[in-house]
Protein chains: 2
Amino acid sequence: MSLRSRQPSEPASPEPEESALPLRGQRKQRTRDALIDAALQLMNEGRSFNSLGLREITRVAGVVPTSFYRHFRDTNELGLVLVEESGLTLRRMLREARRAGAPVKDMIRRSVQVYKAFVLTNRLHFLFVAGERSGGSPVIRGAIRNEVEQFIAEMTQDLRHLQIFPNLSPESLQMICGLVVNTMLNAATDILDLPPGDAELARAQEDNFVKQLRVIFFGAQLWREDAEKGEP
Amino acid sequence: MSLRSRQPSEPASPEPEESALPLRGQRKQRTRDALIDAALQLMNEGRSFNSLGLREITRVAGVVPTSFYRHFRDTNELGLVLVEESGLTLRRMLREARRAGAPVKDMIRRSVQVYKAFVLTNRLHFLFVAGERSGGSPVIRGAIRNEVEQFIAEMTQDLRHLQIFPNLSPESLQMICGLVVNTMLNAATDILDLPPGDAELARAQEDNFVKQLRVIFFGAQLWREDAEKGEP
DNA sequence: ATTTTTAGTGCACAAGTGTTGACTTACGAA
DNA sequence: TTCGTAAGTCAACACTTGTGCACTAAAAAT
């Protein structure tokens, strides 16, 4: 079960150095991808990453256990590669959103729908990120945290240039984005766990998600920097 | 290393049925608790729950592997007990907050500080909940979700009786509470991961947490039910 | 054409795993 | 005092695990 073609990155970019068709390197990359896919596939069946065994991974990848060492020092190193990949996916989402521009009509709901679609088509990466973000081994958790932090920073930049919240200082904008991203990743878990077919539940879940974001954006728009707020 | 006395529940409540000092039952409970504590302790050292082995648990609990079966069918069942316990801890927090009443001055910051303290003194349970909420085995994740859902519902009731948001329908209030709880649990991970001693970082983290909650409550106060909101 | 490199294989090993059944031993009821 | 119950122990089982070493074969370099 091949889950996806791996990292097409730039499909038609004849880089002179790398893609000079080293036939062996190609082959190596293929089993390397098979290993990564195997890990993702196992997680897709309900397992958590750091409960995966090296042998288990190589088994579903269709290679012998010792082959693993030709590509990674241990499973943790594979995990870090997975973190990096997932980070790329996150930034790809941001880039696509950037290109599409902010929808003018019913902005939040549209964004949520786009997000939902993106989560589902990149199911495995989101499963990994949402799952290991607070759970797994400390080193991987740290790496994911970095990636998410970076994502938040980029999102902050984008929103800043869009001038949607002219009232907010860059720091406050970042704090808002952190809140939004947490809400997003949390929703990702819900989206991925949702049994397919139940349109009613999906709708309720989407409505809830939309409302939460509306509250956040609503509060953000009216935010003033200095004051000590809250009801006195 | 005994981490805590287990479930004091009601320290001075001579229940006629249970506490008739069946010396054997006492002993059984003790090793049962040792098993539970062992699991928590292992997680406290950076492991995720469903990577724990039965033997591993019994080893740090100081009993022989086969003893495990006198208390739990398998590790998953232990996990479910852990979920239940953690749920109790969550509700205990709510109850204490209820008894203390809402602080009138600088309400949110106070609450955050109380919450931080509570998370640190109940470190293990929060570590478990925050870690396995989106990570571990599906059945445990589901159980945690139930517990959290219930917590949200209770919190909704409390806020309703406090009349803090008279503008919100019960459903909207629940949605707000969901947002708050997610933000709380997310902050719990940060709080627990924070290296001790770094007061500066702790302060920044707390400020961020406080601000996020302020935005949410601020947005909630101004929320109107009917309208389709957001910037058009 | 020959040699070097290297991705992938096969085999082996020590160590750890979950689970079993028969056992001890001390509590608590008779 | 006797005796059944059951928490905990012991030894053993059939596996799985991560890892090391020698090997093959095909691609790349010479």
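Below, chain A is the first sequence line, B the second, and so on; all start at residue 1. Fair warning: this is a prediction, and the values are worked out from it, not measured in the lab.
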Spacing of A:Leu42 atom CG relative to D:dT17 atom P, expressed in whole Å | 11 Å
Over its full length, what angle do the end axes of the helix from C:dA1-D:dT30 to C:dA30-D:dT1 make, each axis taken from five pairs and the result rounded to 10 degrees?
-> 10°
Report each atom pair, protein N/O against N/O of nucleotides 20-25 of chain D, whose distance is under 3.5 angstrom.
none

Return the value, rounded to whole Å, for the distance between atom CZ of B:Phe68 and atom C1' of D:dT9.
-> 17 Å
Integer-rounded Å distance: D:dA7 C1' and B:Phe72 CZ | 14 Å
Are the side chains of B:Glu85 and B:Phe128 in touch, meaning some heavy atoms are under 4.5 Å apart?
-> no
Gap between atoms CD and P, on B:Gln29 and D:dA7 respectively (whole Å) = 12 Å
Which of residues 46-57 of chain B have a heavy atom under 4.0 Å from DNA chain C?
-> B:Gly53, B:Leu54, B:Arg55
Atom NE2 of A:His71 and atom C1' of C:dT9: how far apart are they, to the nearest Å?
-> 13 Å
So among A:Asp193, A:Ile191, A:Leu185, A:Leu192, which one has a side chain to side chain contact (heavy atoms under 4.5 Å, CB included) with A:Thr189?
-> A:Asp193
Atom-pair distance (NZ on A:Lys28; P on D:dA26), nearest Å | 19 Å
Does anything in residues 71-102 of chain B pair up under ring-ring contact (aromatic ring centres under 6.0 Å, His included), and if so which pairs, sequence neighbours excluded?
-> B:Phe68-B:Phe72
Using a 4.0 Å heavy-atom cut-off across all strands, classify B:Val63 as base, sugar-phosphate, or nothing.
-> sugar-phosphate
Listing, residues 50-57 of chain A side-chain donor-acceptor contacts under 3.5 Å, not counting sequence neighbours, or none:
from, atom 1, to, atom 2, distance (Å)
A:Asn50, OD1, B:Ser48, OG, 3.1
A:Ser51, OG, A:Arg47, NH2, 3.3
A:Ser51, OG, A:Ser48, O, 2.9
A:Glu56, OE1, A:Gly53, N, 3.1
A:Glu56, OE2, A:Arg47, NH1, 2.3

Rounded off to whole Å, could you give me the CG-to-C1' distance for the A:Asp74 and D:dG18 pair?
-> 11 Å
The complete set of salt bridge (Lys or Arg N to Asp or Glu O under 4.0 Å) pairs with one or both residues in residues 64-75 of chain B, sequence neighbours excluded, reads B:Arg73-B:Glu77
CZ/B:Arg91: more than 12 non-hydrogen atoms of other groups inside 6.0 Å = yes
What distance do A:Ile176 atom CD1 and A:Met155 atom CE have between them, rounded to the nearest 0.5 Å?
-> 10.0 Å
Any chance you could measure B:Thr183, atom OG1, to B:Ile216, atom CD1, to the nearest 0.5 Å?
-> 3.5 Å
Side chain to side chain contact (heavy atoms under 4.5 Å, CB included) between A:His161 and A:Arg98: does it pass, once the steps are laid out?
-> CA-CA 11 Å; A:His161 290 134; A:Arg98 207 174 294 144; over 6 Å; no
OP1, OP2 of D:dA7 versus side-chain N and O of B:Thr31: anything below 4.0 Å?
-> no
Judged by atom type as modelled, is there a donor-acceptor pair below 3.5 Å linking the side chain of B:Glu132 to the main-chain atoms of B:Phe49?
-> yes
What does B:Arg73 touch in the nucleic acid at a heavy-atom separation under 4.0 angstrom: a base, only the sugar-phosphate, or nothing?
-> nothing
Where the side chain of B:Arg59 is concerned, which of C:dT17, C:dA7, C:dG10 is the nearest nucleotide?
-> C:dT17
Is it true that atom CZ of B:Arg145 has more than 12 heavy atoms of other residues, nucleotides or ligands lying nearer than 6.0 Å?
-> yes
